[in-house]
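Encoded as structure tokens, the structure appears first; notes follow it.
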Amino acid sequence: MNVCVYTLGCRLNQCESEAIADSFSQEGFTIVGEREQADLYIVNTCTVTSKAEQKARRMIRKFASSAPTLATGCYAQVNEEELKTLCDQVIVVPLEKKAHLLKLAKHLKASLVAGFDLKSGCLSFSDGTASVFDYDAASFSYHSRAYLKVQDGCDNECSYCRVHIARGKAVSLESATVVERALALEAAGFSEIMLTGVNLTMYDHTREGLGGLLEKLLASLGGGIRLRLSSLEPDHIDDRLLKALADPRMQPHFHIPVQSASNKVLARVNRHYDIEGLSTILDRLREAKDDPFIAGDVITGLPGEGEEEFEATFRYFQDQKFAQMHVFPFSPRPDTPLFKAKDRVAESVRDERAKRLRDLSDELFRAYVKRQSGKETEVVLQNRKGGAWYGLT
């Protein structure tokens, strides 16, 4: 029986989807991609932007036209009733119950033997014992690297963000358990592990922090495995973390949610750093690694972003020679302080600014790739197309 797990949004969602897929694979179900026909679809949704929600609705409708479809994730947490109305084949599992899906496969296997159809089996499922850290995949169906979730939730309350509403307060997986799971992935033959979380630098931030966790991982793992970090919020990048990043097993790839290079705008949207501090962090990252791949998120059209503030942001990314930018036009999210902001930027201006930044990102990416010409590097092989192997440096 075929199961498709379709994921929207962040690396953490991808990590959790892989664990759900692994739980079905362990019970004998066949995991397939979105272009293959499945008997059951699971859509792991995102609520960061209205476009992410639109895509989620479109894919849920598409999948539900042919098979029972479970909708879960952040969008399902904050708009459960809206998703229920899409189709009678849709079953909504709010984010707070998403970890329960890790035990659904075993239940479905038994219910199918008992004569239930898939939808009835899903509706009859109930499990009240699940933790946000139960996602512990032993195999990965959609990625060649291993993902390891170590953190969830966020204590920041950025004025544009809905994710902390859906995910709740910051929590961290105990370091001993992280090390145990990492060693198991190493023993299984994975050559790279990506650590994920909603706000990864908020890991254990009142005690040893992410730097302390990396110290323990690096002391326990062998020399042949690579570690990579998902997005790093600037406000908790400290000396201990920067020192740990110098280890050669730490990959020179850093993704920083910058959002704006204007202190005025950062203050307006309740970000917890300033550009001067961020510049120091970027310098330190470059000290830790030789010409690392530094990518950054940026939101155009944030309330308070005038022409001067945008031009400052444009010049900052240009001068700092970011390797790539993920550009998002500001999307007012319900239940956030900026949803009805009076100083919003006109959509036409917002979108034109986004285009300029995307063009700059293409230019910066080409420049970074050109600088790598002639260098020798390790590559994790991912797939083969047309006789050529493709992979990740």
Side-chain angles (χ1 to χ4, degrees), residues 8-13 16 45-53 73-80 82 94-96 98 132-133 149-173 195-207 209-210 229-238 241 255-278 281 296-305 309 313 326-345 350:
L8 292 136
C10 63
R11 295 276 172 80
L12 180 57
N13 257 11
E16 292 170 346
T45 64
C46 173
T47 192
V48 166
T49 65
S50 59
K51 284 191 175 181
E53 293 179 347
C74 291
Y75 184 21
Q77 177 69 20
V78 295
N79 285 93
E80 180 178 355
E82 182 179 17
L95 176 66
E96 62 190 8
K98 181 163 70 170
V132 294
F133 293 118
K149 177 179 178 179
V150 302
Q151 190 275 339
D152 203 334
C154 182
D155 292 343
N156 293 340
E157 295 182 356
C158 300
S159 302
Y160 56 80
C161 184
R162 206 181 188 195
V163 174
H164 72 276
I165 299 172
R167 289 273 182 175
K169 293 294 185 180
V171 290
S172 302
L173 181 62
L195 304 183
T196 67
V198 171
N199 186 337
L200 191 58
T201 50
M202 201 167 270
Y203 177 89
D204 193 31
H205 65 97
T206 60
R207 297 187 299 172
L210 183 59
L229 305 177
S230 60
S231 295
L232 299 174
E233 289 285 347
D235 48 313
H236 287 289
I237 297 178
D238 57 18
L241 172 57
H255 190 97
I256 313 293
V258 178
Q259 314 307 16
S260 172
S262 162
N263 285 336
K264 172 188 169 185
V265 175
L266 292 174
R268 173 75 177 89
V269 302
N270 198 33
R271 296 290 280 172
H272 299 268
Y273 54 90
D274 57 31
I275 289 306
E276 292 73 25
L278 176 61
I281 288 170
D297 288 337
V298 57
I299 303 174
T300 62
L302 281 166
E305 183 190 74
E309 289 75 27
T313 297
H326 292 189
V327 183
F328 304 89
F330 172 61
S331 177
R333 311 308 298 127
D335 305 318
T336 64
L338 293 182
F339 182 56
K340 295 183 178 180
K342 302 294 185 183
D343 52 348
R344 283 166 53 182
V345 177
R350 176 201 67 181

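Along the sequence shown, residues are numbered consecutively beginning with 1.
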(Q) For a quick check under 3.5 Å, do Y273 and E233 share a side-chain donor-acceptor pair by atom type? (A) no

Q.
If you compare all heavy atoms of T313 against all heavy atoms of S262, which two are closest, and at what distance to 0.1 Å?
A. OG1-N, 4.1 Å

Q) Are any of the side-chain heavy atoms of T47 and Q77 separated by less than 4.5 Å? A) no

Q) Mind checking whether F328 and K51 have side chains closer than 4.5 Å, heavy atoms only? A) no

Q) Ignoring hydrogens and geometry, is there a side-chain-to-backbone donor-acceptor pair from D155 to A170 under 3.5 Å? A) yes

Q.
How long is the straight-line distance from CD of E16 back to OG1 of T196, given to the nearest 0.5 Å?
A. 7.5 Å

Q) Minimum heavy-atom separation for A166 to V78, with atom names? A) CB-CG1, 4.0 Å

Q | Nearest-0.5 Å distance, OH of residue Y160 to CG of residue N270 | A | 9.5 Å

(Q) Let's go through C158 and V269 carefully: what are the C-alpha distance in whole Å and the side-chain angles of both, what is the deciding distance for side-chain contact (heavy atoms from CB on, under 4.5 Å) to 0.1 Å, and is it a yes or a no? (A) CA-CA 6 Å; C158 300; V269 302; over 6 Å; no

Q | Any donor-acceptor N/O pair, S230 side chain to R11 backbone, under 3.5 Å | A | no

Q.
To check you understand the geometry: which heavy-atom pair defines the closest contact between L266 and S260, and what is its length?
A. CD2-O, 3.5 Å

Q | Minimum heavy-atom distance L12-Q151, with the two atoms named | A | CD2-O, 4.3 Å

Q. Could you give the distance from CG (L302) to OG (S331), rounded to the nearest 0.5 Å?
A. 11.0 Å

Q. If we only count heavy atoms from C-beta on, is the L210 to L232 side-chain gap below 4.5 Å?
A. yes

Q) Is the backbone N or O of G153 less than 3.5 Å from a side-chain atom of N199, with the two atoms forming a donor-acceptor pair by type? A) no

Q. In chain order, what residues pass the salt bridge (Lys or Arg N to Asp or Glu O under 4.0 Å) check against D343, with sequence neighbours excluded?
A. R268

Q. What heavy-atom pair brings N263 and I275 nearest, and what distance separates the two atoms?
A. OD1-N, 2.9 Å

Q) Just by modelled atom types, is the V171 backbone N or O under 3.5 Å from a matching donor or acceptor in the D152 side chain? A) no

Q.
Working note: T206 + D204, criterion side-chain hydrogen bond (donor to acceptor under 3.5 Å, both in side chains); need CA distance, chi angles, decisive distance, verdict.
A. CA-CA 6 Å; T206 60; D204 193 31; 4.9 Å; no

Q | Trace of the side-chain contact (heavy atoms from CB on, under 4.5 Å) decision for C161 with R333 | A | CA-CA 7 Å; C161 184; R333 311 308 298 127; over 6 Å; no

Q.
Once rounded to the nearest 0.5 Å, what's the spacing between atom OG1 of T300 and atom CD of E305?
A. 6.5 Å

**Q.** Distance in Å, F330 CZ paired with R350 CZ, rounded so as to fall on 0.5 Å steps
**A.** 9.0 Å

Q. Do you know which two heavy atoms are closest between I281 and P234, and how far apart they sit?
A. CD1-O, 3.4 Å

Q.
Is the shortest side-chain heavy-atom distance between M202 and N156 below 4.5 Å?
A. yes

Q.
Taking the side chain as everything from C-beta on, heavy atoms only, tell me whether V132 gets closer than 4.5 Å to K149.
A. yes

Q.
Taking the side chain as everything from C-beta on, heavy atoms only, tell me whether H326 gets closer than 4.5 Å to H255.
A. yes

Q | Gap between atom CD1 of I256 and atom CD1 of I237 - 0.5 Å precision | A | 4.0 Å

Q: Decide yes or no for P257 and R271: does some side-chain heavy atom of the first lie under 4.5 Å from some side-chain heavy atom of the second?
A: yes

